[in-house]
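In each ligand, atom 1 is the first atom listed, and ligand 1 is the first ligand listed. Count residues from 1 along the sequence.
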Amino acid sequence: MNDMKILVVEDDRSVSNLITTTLKINGCTSYQSASTGNQAIALCSSMNPDLILLDLGLPDIDGIEVIRTVRSWSSAVIIIISARGEDSDKIEALDSGADDYLTKPFSVDEMMARIRAAHRRMLYLRANTETRPEFINGYLRIDYASNLVYVHDTEIHLTNIEYKLLTLLARSVGKVLTHTYIIDRVWGGEMAADIVSLRVYMNSLRKKLKQASNEDLIRTHVGIGYQMVRIEPQ
Ligand code: CA
């Protein structure tokens, strides 16, 4: 994973050292670290990272502010690191453009798993420019031109809402999408859809996807939202 430039933003020196040591051990040698939000923004524009590990609680400016600023020009994958129980912060960070999160205290294995997932997504995005007519992820194939969905090459029939949900998750594969974000995009404010209805639609979508496969492509983030995981091509 030496082809991925990583920016580590963390003001707690021991956590920062743990992260950078783990990166080195795992062959991610192309990284820089910042301990304040302003330093992070400056480094971000000079190094143009592919991945940012961002602590939300910084001494100068809020991590959310860093995300908003950086997102205006960078498409880097942003994984936030936040203290346990701060779900509202996570949701705000995700809605501001972060992709995924780690909750403190986290294990380094967990962190590396997220980084590997981000790396797969980066390679996927590099190979697939926006206007690709087809989406393939493991056993799932979506033909955008004909609005058809295949699981293990068998067509599955989705309702209009299920199709919208699936394509929304697919177009942001790897990213955690919050309930509010999904409801806004799928129902567009025309209907006051609530989280309970979203859960019902999501369950029926998953059931259809899982008919032909045991592997679940859609991950639930309790109290936060949903994420389509990227499956490594065989
Ligand atoms: Ca901190």
Side-chain angles (χ1 to χ4, degrees), residues 1-2 4-122 172 174-181 219-227 229:
M1 287 187 290
N2 230 343
M4 190 163 59
K5 287 183 285 176
I6 303 176
L7 174 62
V8 179
V9 187
E10 172 62 73
D11 62 317
D12 183 328
R13 185 157 298 229
S14 60
V15 178
S16 178
N17 286 342
L18 175 69
I19 294 173
T20 54
T21 306
T22 307
L23 291 177
K24 264 186 282 188
I25 291 170
N26 287 278
C28 303
T29 49
S30 182
Y31 66 82
Q32 293 197 51
S33 24
S35 57
T36 68
N38 284 313
Q39 204 186 346
I41 292 168
L43 264 177
C44 207
S45 67
S46 63
M47 77 179 278
N48 194 22
D50 301 300
L51 172 75
I52 304 170
L53 290 168
L54 176 70
D55 174 27
L56 282 186
L58 295 168
D60 53 348
I61 53 172
D62 197 79
I64 305 275
E65 207 47 52
V66 176
I67 298 170
R68 291 202 180 112
T69 309
V70 165
R71 254 303 164 254
S72 59
W73 82 83
S74 169
S75 59
V77 173
I78 301 176
I79 301 177
I80 54 165
I81 303 175
S82 77
R84 193 171 292 281
E86 294 169 334
D87 275 0
S88 59
D89 288 353
K90 278 179 207 153
I91 290 168
E92 199 184 352
L94 292 165
D95 279 337
S96 302
D99 295 273
D100 204 347
Y101 58 84
L102 279 167
T103 303
K104 278 182 183 173
F106 56 89
S107 74
V108 289
D109 291 343
E110 194 184 349
M111 181 185 82
M112 286 313 302
R114 299 305 162 82
I115 294 175
R116 279 191 296 274
H119 185 245
R120 285 197 293 276
R121 180 162 174 236
M122 183 190 91
S172 297
K175 178 168 165 46
V176 181
L177 303 181
T178 64
H179 294 136
T180 314
Y181 179 89
R219 187 176 292 162
T220 302
H221 292 259
V222 177
I224 293 176
Y226 298 92
Q227 173 187 35
V229 288

| said: Donor-acceptor check, side chain of N26 to backbone of C28, threshold 3.5 angstrom: yes or no? | reply: no
| Is the closest side-chain heavy-atom distance between V108 and T21 below 4.5 Å? | no
| Is G57 close enough to the Ca ion (ligand 1) to have an N, O or S atom under 3.0 Å? | yes
| task | Please report the closest heavy-atom contact between S16 and V8, naming both atoms and the distance. | result | OG-CG1, 4.4 Å
| message | Below 3.0 Å, can you find an N, O or S atom of D12 next to the Ca ion (ligand 1)? | response | no
| For the Ca ion (ligand 1), what is the closest N, O or S atom on D11? | OD1
| message | Looking at the Ca ion (ligand 1), is there an N, O or S atom belonging to E10 that lies under 3.0 Å away from it? | response | no
| query | Donor-acceptor pair, K175 side chain versus Q227 backbone, under 3.5 Å? | reply | no
| For the Ca ion (ligand 1), which N, O or S atom of D55 is at the shortest distance? | OD2
| N-O pairing of D99 and R71 below 4.0 Å | yes
